[in-house]
Novice: 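If you scroll down you'll find the structure; I have some questions about it.
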Number of protein chains: 2
Amino acid sequence: MPPNSPRDAIRGAATELFARDGYAGTTVRAIAAAAGCDPALVIRHFGSKEALFLATVPASTELARILAGPVESLGRELVGFVLGASESRVAGVYRAMLSASDRPEIKERLRASMHDVFVGPLADRIGGAYPELRARLVAAQFAGLINAYWLVADPVLRNADRSATVELYGDAIQRLLDSDDPP
Amino acid sequence: MPPNSPRDAIRGAATELFARDGYAGTTVRAIAAAAGCDPALVIRHFGSKEALFLATVPASTELARILAGPVESLGRELVGFVLGASESRVAGVYRAMLSASDRPEIKERLRASMHDVFVGPLADRIGGAYPELRARLVAAQFAGLINAYWLVADPVLRNADRSATVELYGDAIQRLLDSDDPP
DNA sequence: GTCTATACGCTGATAGAC
DNA sequence: GTCTATCAGCGTATAGAC
């Protein structure tokens, strides 16, 4: 696979545009123009716009690294990751996936990747009752924060003291991680 | 305003279709067909598809009632509301709004209604430090649960014991509501 | 094999005749 | 007020040039 192949150029342009303009806001023609090729080539290489989008979704290694860290400080770590995620592409990708989530295949991919990188590994590491349910609820909190901070971009959150957000929301997540319930 | 006016027929059909098929999945022509009129009439009455969508977003009285209830049991009340929201239209509307949230005006409406019916009233009712920030974070948890349960429809959540979800996630919300932090 | 040109059936939206 | 005709743009498929 040559590094400068048109296939990579298309995927690179698509990654950028999807993250910036969302799924519906990005046209196949715009991707082709940014990649310097014909629109038909985009479809020819990836089959469909939806398949191209799914090919741009990366495997977040940084998130996996955090989830593999110490459980007792995971809540605040996760919040810190979300608030500082501008450099990585996690926010844009998640935003694009949510914006396209009426498509069944994209919704399924969203669910599957959430389960594979988040719920599954986390459920294995926390004790107590209902580990998988609790891991999934932590993922719900996590997605809720990304949603509020990056997608809705609520000013209350954006202007708030960052360390206060980390402490407050981090501890609320931590409550679901700690297994202090009686059996 | 006559009760059986075509304007109401259009809005009624649009409300149903948007909730069922999402924003992008609902066409103006399908709305017109369901309302028994011409597609051009839909645009002529509401200006645009986006304006029609915004006109279908209701003011949730049930949620406002819960938020006005006792704060000490609000966490579990909110979770119970989300899990049982199939009868009301809250889930479908939220789902449709999220699916259309790359449109700036719809995103802004999502933020504004979240603030007006949720964050604002709640911030006035909870004590302690950072009341507005904490109320906004509760809203983030709330949206995260709707997202996971109704939009992603994660099987882990859908098959989980309902009362366990209410207790676990409700208590995680409650942690943000209670103001037991030192000043 | 890789790419371009062209076209098809859809979309949301507009202008103007009844 | 309501419908007809029509627009430009969309994702996509295919035929055929290099």
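Everything numeric in this text was worked out from a predicted model, so none of it was measured. Letters A, B, ... are given to chains in the order of the sequence lines, protein chains preceding strands, and every chain is numbered from 1. Computed from heavy atoms alone, side chains included, the values below leave out hydrogens, waters and symmetry copies.
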Novice: Take the protein atom CZ of B:F46 and the nucleotide atom C1' of D:dG1, then report the distance between them rounded to whole Å.
Specialist: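 So the CZ-C1' distance, B:F46 to D:dG1, works out to 15 Å.
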Novice: If you look only at distance, which donor and acceptor atoms sit under 3.5 Å apart when one is on a side chain in residues 144-156 of chain B and the other is two or more places apart or in another chain?
Specialist:
residue: B:N147; atom: ND2; partner: A:Y94; partner atom: OH; Å: 3.2
residue: B:W150; atom: NE1; partner: B:V82; partner atom: O; Å: 2.8
residue: B:D154; atom: OD1; partner: B:V156; partner atom: N; Å: 2.8
residue: B:D154; atom: OD2; partner: A:R136; partner atom: NE; Å: 2.7

Novice: Side chain to side chain donor-acceptor pair (under 3.5 Å): which pairs involve residues 157-168 of chain A, sequence neighbours left out?
Specialist: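 Output for this query lists A:D161-A:S163.
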Novice: Under 3.5 Å, sequence neighbours excluded: what are the donor-acceptor pairs made by side chains of residues 126-134 of chain B?
Specialist:
residue: B:E132; atom: OE2; partner: B:H115; partner atom: NE2; Å: 3.3
residue: B:R134; atom: NE; partner: B:L176; partner atom: O; Å: 2.9
residue: B:R134; atom: NH1; partner: B:G127; partner atom: O; Å: 2.6
residue: B:R134; atom: NH1; partner: B:A129; partner atom: O; Å: 2.8
residue: B:R134; atom: NH2; partner: B:G127; partner atom: O; Å: 3.3
residue: B:R134; atom: NH2; partner: B:L176; partner atom: O; Å: 3.3
residue: B:R134; atom: NH2; partner: B:L177; partner atom: O; Å: 2.8

Novice: Please output the side-chain donor-acceptor pairs of residues 25-34 of chain A that fall under 3.5 Å, not counting sequence neighbours, one pair per line with the distance.
Specialist:
residue: A:T26; atom: OG1; partner: A:L17; partner atom: O; Å: 3.1
residue: A:T26; atom: OG1; partner: A:G22; partner atom: O; Å: 2.7
residue: A:T27; atom: OG1; partner: A:A30; partner atom: N; Å: 2.9

Novice: Scan nucleotides 3-18 of chain C nucleotide by nucleotide, 5' to 3', and note B when protein non-hydrogen atoms come under 4.0 Å of the base, S if they reach only the sugar-phosphate, - if neither.
Specialist: BBB-----BBBB-B--
Novice: Show the atom names and distances, to 0.1 Å, of all donor-acceptor pairs under 3.5 Å that link a side chain in residues 72-80 of chain A to residues at least two apart or in another chain.
Specialist:
residue: A:R76; atom: NE; partner: A:D171; partner atom: OD1; Å: 3.0
residue: A:R76; atom: NH2; partner: A:D171; partner atom: OD1; Å: 3.3
residue: A:R76; atom: NH2; partner: A:D171; partner atom: OD2; Å: 3.1

